[in-house]
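Any value given below was found using the heavy atoms of this structure, including those in side chains, with hydrogens, waters and symmetry copies removed.
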Amino acid sequence: MSTFYITTPIYYVNDIPHIGHAYTTIMADAITRFRQAEGHQTYFLTGTDEHGQKIEKSAEAQGITPKILADRVVERFKDLWRVLDIRYDRFIRTTDADHVAGVQHLFRKVLEKGDIYPGDYRGHYCVSCEGYVPETAPEAASGNKICADCGKETELLTERCYFFRLSAYEERLLCFYKDNPDFIRPASRMNEVVSFVKMGLKDLSITRSTVKWGVPVPDDPEQTIYVWFDALSNYITALGYPDATADFARFWPADLHVMAKDILRFHAVYWPAFLMAADLELPRKELIHGWWLKDEKKMSKSRGNVLDPHILLKYFPADAIRYFLMREAPIGADANFSHQGFITRINTELTNDWANLISRVGGMVSRYFSNRFPGQADYSAAEEELREDYLELENEVRSHFDAYAFNRGLERIMEYVNRLNRYIVESEPWKMAGQETLQPRLEAVLKTLVRAILSANALLAPVIPRSAARVREFFNHAGEGFGWKDPGEKFAVRDVEPLFPRVDPKQFFAEELQDSHPSPSPKEAQMNEKPQTPEGVISFDEFKKVRMVVARVVAAEKVEKTDKLLRLTVDTDSDTRTLVAGIAQYYTPEELVDRKIIIVANLQPATIRGIESRGMILAASDKDGRPYIPVIPEETPVGAIMR
RNA sequence: GGCGGUGUAGCUCAGCCGGUAGAGCAGUCGGCUCAUAUCCGAUAUGUCGGGGGUUCAAGUCCCUCCACCGCUACCA
């Protein structure tokens with residue numbers, strides 16, 4: 001029997017589960033169920049990443065141990081997976097003893113091989129946050145980086161740690177990508193990976209002495225193993241690595257790692273390199289999906305636009321959420337989540353088309369045959385056509401699902417559902433009902449509909465398993481595999497109950513979005529007929545958000561190795577700040593010094609050419625992009641606000 | 001700047017190896033009554049981002065420009 005090993009990332013317990021976690025996990029679950037229906041023996045792994053400084057600190061803040069903190073969050077994940085009908089084989093935690101042992105073994109093995117070596121890590125360390133900031137962080141005038149969390153300057157720190165010899169794997173990785181062009185799906189992501197590796201790989205520091213909450217380095221208890229070496233290893237330790245367990249032999253290498261695009265590099269570059277270093281086989285494929293956006297923006301805790309699946313679960317069954325997420329988003333692209341879109345999709349496709357089809361067919365079988373077919377059906381070409389259409393549908397849907405294009409597959413299934421609804425209207429069974437001679441025809445029509453429903457139901461089952469099981473119950477059919485369903489000529493059915501009760505959009509928006517979602521998207525606001533400023537017009541309040549002040553240029557210099565950039569130091573009265581402007585081709589530093597200009601003072605800082613630019617200079621721009629800096633009357637005080 | 005992607009009906013998107021535009025939703029009109037006020041049919045709207053080129057024929061190939069997005073070591 002062929003096997004299929006699939007994983008989600010392990011989720012960081014610093015965050016409580018949200019729709020993004022749900023998306024990845026539902027996708028993996030649907031794929032698992034699909035592979036099962038195809039006859040594969042599957043192993044589905046998910047879990048949590050529990051180590052690291054953030055956990056250490058937030059546990060400290062709550063006055064509990066990191067493990068207790070993790071235990072609590074883990075329960076929330078498991079609860080959500082239970083509610084969403086996620087059927088995993090193992091929920092691994094990086095604090096599991098076998099994982100810890102496995103990571104240590106892996107570390108030791110690569111160390112002995114020589115691809116892990118001790119060295120010094122130099123980084124920009126934030127004392128108050130007790131952590132390193134990334135190289136991409138903005139830089140202060142002193143040359144030190146600025147910590148994104150607290151805004152304080154960092155200091156350059158050197159600490160002893162272990163490095164992984166990632167640089168040695170550049171060629172081998174590129175070869176691997178070349179030989180396995182399908183390794184990363186969708187293909188566009190593969191290009192990103194290849195170009196990243198081609199730019200050159202630096203060795204990776206994989207341990208920390210500043211972090212205590214982690215897997216200790218074997219024989220060097222001062223050090224703990226840092227995030228990625230620890231976390232990625234879960235995919236093999238879950239199967240029993242380093243022991244030659246039956247699971248490991250049967251399921252490794254993984255057939256599919258599913259993840260969101262933000263952790264692509266770690267899975268597509270670091271992970272294969274680690275495995276090569278350990279002489280292990282590489283995963284076969286990695287499926288990268290996009291993000292769910294809210295109001296066109298990435299959901300984030302700080303933005304407060306995170307979508308909690310529990311709100312939807314109050315109104316809709318888990319299958320509705322599963323269906324929507326799989327149906328709505330194209331394979332690798334970001335998708336926008338809107339409640340309006342959600343309700344419309346569920347009400348039209350699942351309620352009106354699919355559930356109502358089942359309801360009307362079930363109703364007729366009950367009324368006209370008392371739920372039991374006599375077995376005297378008189379079939380015509382129309383019924384045979386329905387069967388043939390189904391077989392064609394199944395081929396297409398399976399190949400879509402095989403390519404993980406669930407949106408396409410589900411779309412095709414709905415076409416078939418529409419086809420069935422049309423068939424009912426065309427055959428007009430209610431007109432046959434009263435006529436004795438047409439009973440065999442009526443039986444043929446309804447039976448064929450039940451068969452078609454059961455068949456389509458099997459295709460839907462990986463995505464909406466719970467309602468699929470109910471449909472099987474309604475029609476007394478146990479088989480979960482694919483194919484044209486034939487329960488026999490004399491089969492009996494049960495009474496059918498509503499599958500996806502209609503949710504009234506008005507009620508949903510009135511009750512739910514008011515309390516739980518203080519800022520509905522513009523579209524939804526319009527649905528609620530709230531007043532809106534006309535397109536292209538901003539309100540006075542919106543205008544007031546922009547803080548423009550008069551500033552005096554204290555110093556100006558060209559940014560080295562650029563043609564267009566000037567680095568300006570300006571005095572705004574309340575502070576002195578640096579900003580970068582792309583005006584060097586038209587203005588010399590000399591003519592700007594001491595001049596008064598207008599700057600946007602509350603613009604989000606950006607790092608340009610390694611310089612943090614806090615604000616932007618206001619200038620008119622002609623169609624060629626040439627800037628014209630307005631002249632400010634000499635007597636204007638520095639710090640004056642424009643309005 | 002480099003590499004990649006996207007730009008098609010009001011909205012969300014299909015359109016493979018080129019043959020004079022499609023679906024769903026929303027809108028309008030009509031039909032049915034078995035069904036969760038559900039279903040079925042018909043129907044308006046598009047210079048397929050702009051410009052140029054190849055071709056008998058181009059959303060579909062080539063060039064170029066614009067906008068937006070992703071990765072990345074630079075024009076806020």
Tell me whether the centres of the aromatic rings in A/Trp354 and A/Tyr323 are closer together than 6.0 Å.
no
Given the ring of A/Phe475, does A/Arg494 sit roughly above its face, with NZ or CZ under 6.0 Å from the centre of the six-membered ring and within 45° of the axis?
no
Length of the line joining A/Phe324:CZ and B/G24:P, which is rounded to integer Å:
18 Å
Heavy atoms from C-beta onward define the side chain here; which of B/U72, B/G70, B/C32 lies closest to that of A/Met199?
B/U72
In terms of relative ring orientation, are A/Phe406 and A/Phe401 parallel, tilted or perpendicular, with 30° and 60° separating the classes?
tilted
Rounded to whole Å, the CZ-P distance (A/Phe266 to B/C71) equals 12 Å
Separation of B/C69 C1' from A/Asn191 CG (nearest whole Å):
15 Å
When the distance from CZ of A/Phe196 to P of B/U72 is rounded to whole Å, what number comes out?
7 Å
Say we look at B/U64 and B/C25: how far apart would their C1' atoms be, to the nearest angstrom?
37 Å
Donor-acceptor pair, side chain of A/Asn180 and main chain of A/Asp182, under 3.5 angstrom:
no
For a quick check of understanding: with a heavy-atom distance under 4.0 Å over all strands, which category does A/Met414 fall into, base, sugar-phosphate or nothing?
nothing
Candidate nucleotides B/C34, B/G4, B/A14, ranked by approach to the side chain of A/Arg408 - the nearest
B/A14
Heavy-atom protein contacts under 4.0 Å, nucleotides 35-41 of chain B, coded B base, S sugar-phosphate only, - none
BB-SSSS
Parallel, tilted or perpendicular: which fits the ring planes of A/Phe369 and A/Phe373, with parallel below 30° and perpendicular above 60°?
tilted
In what stems does RNA chain B take part, counting only runs of at least 3 consecutive Watson-Crick or G-U pairs whose two distances fall under 3.5 Å?
B:1-7 with B:66-72, B:10-13 with B:22-25, B:27-31 with B:39-43, B:49-53 with B:61-65
Between B/G15 and B/U8, how many Å separate the two P atoms, rounded to a whole number?
14 Å
Are A/Phe316 and A/Phe342 close enough that their ring centers fall under 6.0 Å?
yes
Taking only the side-chain nitrogens and oxygens of A/Arg345, find out if one of them lies under 4.0 Å from OP1 or OP2 of B/U12.
no
Taking NZ from A/Lys431 and C1' from B/C32, how many angstroms apart are they, rounded to a whole number?
8 Å
Syn or anti for B/G7 (syn when the glycosidic angle lies within 90° of 0):
anti
How close or far is atom P of B/U33 from atom CE of A/Met364, stated in whole angstroms?
13 Å
Whole-Å distance separating the NZ atom of A/Lys261 from the P atom of B/C69:
11 Å
In whole Å, what is the span from the CZ atom of A/Arg327 to the C1' atom of B/A14?
11 Å
Within the 6.0 Å centroid threshold, strictly below: A/Phe266 and A/Trp271
no
